[in-house]
2 protein chains.
Amino acid sequence: MQITIDIDSATPLFSQLVMQIKQAVERGLIQPGDPLPSIRQLANDLDMNNKTVAKAYRLLERDSVIETKGYRGTFIHPDARANCTVDLNAWVKKQLNETISAFRKAGVTDSEIRIAFADVLNQSTGGSHD
Amino acid sequence: MQITIDIDSATPLFSQLVMQIKQAVERGLIQPGDPLPSIRQLANDLDMNNKTVAKAYRLLERDSVIETKGYRGTFIHPDARANCTVDLNAWVKKQLNETISAFRKAGVTDSEIRIAFADVLNQSTGGSHD
DNA sequence: AGTTGTACCATTAGTACACACGGTACATAT
DNA sequence: ATATGTACCGTGTGTACTAATGGTACAACT
C-alpha cells in the first residue's frame with residue numbers, strides 16, 4: 001500500500017495518515033489481520049516524527065480499525081471495514097449542533113458558549129490525554 | 001448604590017459590573033423601575049470604557065434584569081428580582097457537561113471534541129454578535 | 001541486543017480568542 | 001445643543017490551544 005503525505009496541506013499530518021489508512025481498508029488494499037509497519041518504521045519512511053505516527057495509530061485503534069498487540073506489532077482489526085465507515089466525528093458534530101442551537105435560541109452569546117465550553121472541558125478533566 | 005470595581009481581579013470588568021448590579025437587585029438596594037446611570041455616565045464614574053459598560057448592560061438586558069428605553073435611559077426590569085437569580089450560565093454548563101461526558105464515554109478525545117466544537121460554532125454562525 | 005507500543009520530560013511556531021481600549025457616527029428624543 | 005442606546009471601524013495584550021518536533025526511558029517479547 002502507498003501512503004502519500006502532503007506537508008503543505010492544511011489538514012494535519014496525523015489526520016492524513018488516519019484517512020489514508022481508512023481508505024486503504026475500505027478499498028480492500030489491506031485486509032483484516034494484515035500487519036502494519038511499526039510506528040518507528042513508518043515514521044522513518046514518511047520522514048515524520050514517531051509521535052505523529054503514534055497519534056494516528058492511537059486514534060485508529062480507538063476506532064477499532066487497527067489492533068496493537070504490544071511487542072508483536074500492529075494489525076488491521078477483524079471488523080475494520082465496518083468500523084472505519086462509522087463516523088464518530090459526524091455524531092459528535094450532530095450532538096454539538098443541537099446543543100449549541102438550543103443555547104443560541106436562549107440568547108446565549110457565542111462568546112459565552114465558548115467560555116463555558118472551555119470551563120467544562122478543563123475542569124472535569126480526569127485524564128486529558130492528547 | 002455603590003459599585004466597586006477591582007482592576008487587578010481575575011474576573012473581567014464587565015462581569016464584575018453584571019454581578020454587582022444583580023446583587024444590588026437581589027438585596028433590594030435598587031427596585032424595579034429605578035433608573036440606572038447612563039452608559040457614558042457610569043463608564044466615567046468607574047473610570048472605564050463605554051464599551052465595557054455597554055457590554056454589561058447588554059447582558060443584563062438579555063437576562064431581563066434591566067430594561068433599556070432608548071434615549072430615555074435604562075431602568076430595572078419589573079421582574080428583575082426573579083430573573084437575576086436565574087443563572088443562564090449554570091444551565092449552559094450543565095448541558096455541556098452532559099454532552100461532553102457522553103462524548104468521553106464514547107472514547108472521543110478532548111482534542112477532537114474541541115475541534116468539532118470549533119467547527120460547529122464557526123460554521124453555522126448566522127449572526128455572531130459580541 | 002534488538003524491537004514492539006507506550007509514557008514521560010520538554011520546546012517551537014502558528015492560530016484563535018477574550019478583554020479592554022479608542023474613535024466616529026447614527027436616530028431619537030428633550 | 002445635549003443626552004440616550006447602539007453600531008461600525010480599528011488596536012493591543014495576554015492567554016490557551018493545536019500540531020509537530022526532540023530526547024529518554026520502560027516492560028515485554030524474539
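Everything numeric in this text was worked out from a predicted model, so none of it was measured. To find a chain, count down the sequence lines: A is the first, B the second, and so on, and within it residues start at 1.
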Would you say a side-chain N or O of [X] is under 4.0 Å from OP1 or OP2 of [N]?
X: B:N49; N: C:dA20; value: no
X: B:S38; N: D:dT4; value: yes
X: B:T52; N: C:dC21; value: yes
X: A:R72; N: D:dC29; value: no
X: B:K55; N: C:dC19; value: yes
X: A:T68; N: C:dT6; value: yes
X: B:S111; N: D:dC17; value: no

Nucleotide [N], atom [atom2] - distance to [atom1] of [X] in whole Å:
X: A:L121; N: D:dC17; atom1: CG; atom2: P; value: 9 Å
X: A:N44; N: D:dG22; atom1: CG; atom2: C1'; value: 15 Å
X: B:F75; N: D:dT4; atom1: CZ; atom2: P; value: 11 Å
X: B:L42; N: C:dA20; atom1: CG; atom2: P; value: 14 Å
X: A:I113; N: C:dA18; atom1: CD1; atom2: C1'; value: 15 Å
X: A:D110; N: C:dC17; atom1: CG; atom2: C1'; value: 12 Å
X: B:L46; N: C:dA20; atom1: CG; atom2: C1'; value: 14 Å
X: B:E61; N: D:dT4; atom1: CD; atom2: C1'; value: 13 Å

If each of A:L13 and B:N50 is mapped to the nucleotide of DNA chain D with the nearest heavy atom, which maps nearer the 5' terminus, i.e. the 5' end?
-> B:N50
The residue, B:G73 or B:I115, whose nearest nucleotide of DNA chain D is more 5′ is B:G73
When you measure from the side chain of B:N122, which nucleotide among C:dC19, C:dC17, C:dG5 comes out closest?
-> C:dC17
Which nucleotide in the list C:dG5, C:dT28, D:dA19 gets nearest to the side chain of B:Y71?
-> C:dT28
Classify the side chain of B:R114 and the base of C:dT15 as holding, or not holding, a donor-acceptor pair under 3.5 Å.
-> no
Per the atom types in the model, does the base of D:dG22 pair as donor or acceptor with the side chain of A:K51 at under 3.5 Å?
-> yes
Geometric class of the B:F117/A:F117 ring pair [parallel <30°, tilted 30-60°, perpendicular >60°] | parallel
First locate atom CG of A:L121, then atom CG of B:N97, and finally report the distance between them rounded to the nearest 0.5 Å.
-> 10.0 Å
Apply side chain to side chain donor-acceptor pair (under 3.5 Å) to B:S111 and B:T109, showing your working.
-> CA-CA 5 Å; B:S111 172; B:T109 301; over 6 Å; no
Steps toward side-chain contact (heavy atoms from CB on, under 4.5 Å) verdict (B:K69, B:E67) | CA-CA 6 Å; B:K69 310 222 179 185; B:E67 230 177 358; 3.9 Å; yes
For side-chain contact (heavy atoms from CB on, under 4.5 Å), just list the numbers for A:T68 and A:F75, CA-CA rounded to whole Å, side-chain angles, deciding distance to a tenth of an Å, and then say yes or no.
-> CA-CA 6 Å; A:T68 117; A:F75 305 85; over 6 Å; no
Which is true for B:Q41 with a 4.0 Å heavy-atom rule: it touches a base, it touches only sugar-phosphate, or it touches nothing?
-> nothing
With a 4.0 Å cut-off on heavy atoms, is B:E67 in touch with a base, just the backbone sugar-phosphate, or nothing at all?
-> nothing
So does B:E112 pair up with A:R62, basic N to acidic O under 4.0 Å?
-> yes
Whichever of A:E112 and B:D47 has the more 5' nearest nucleotide on DNA chain C, that residue is A:E112
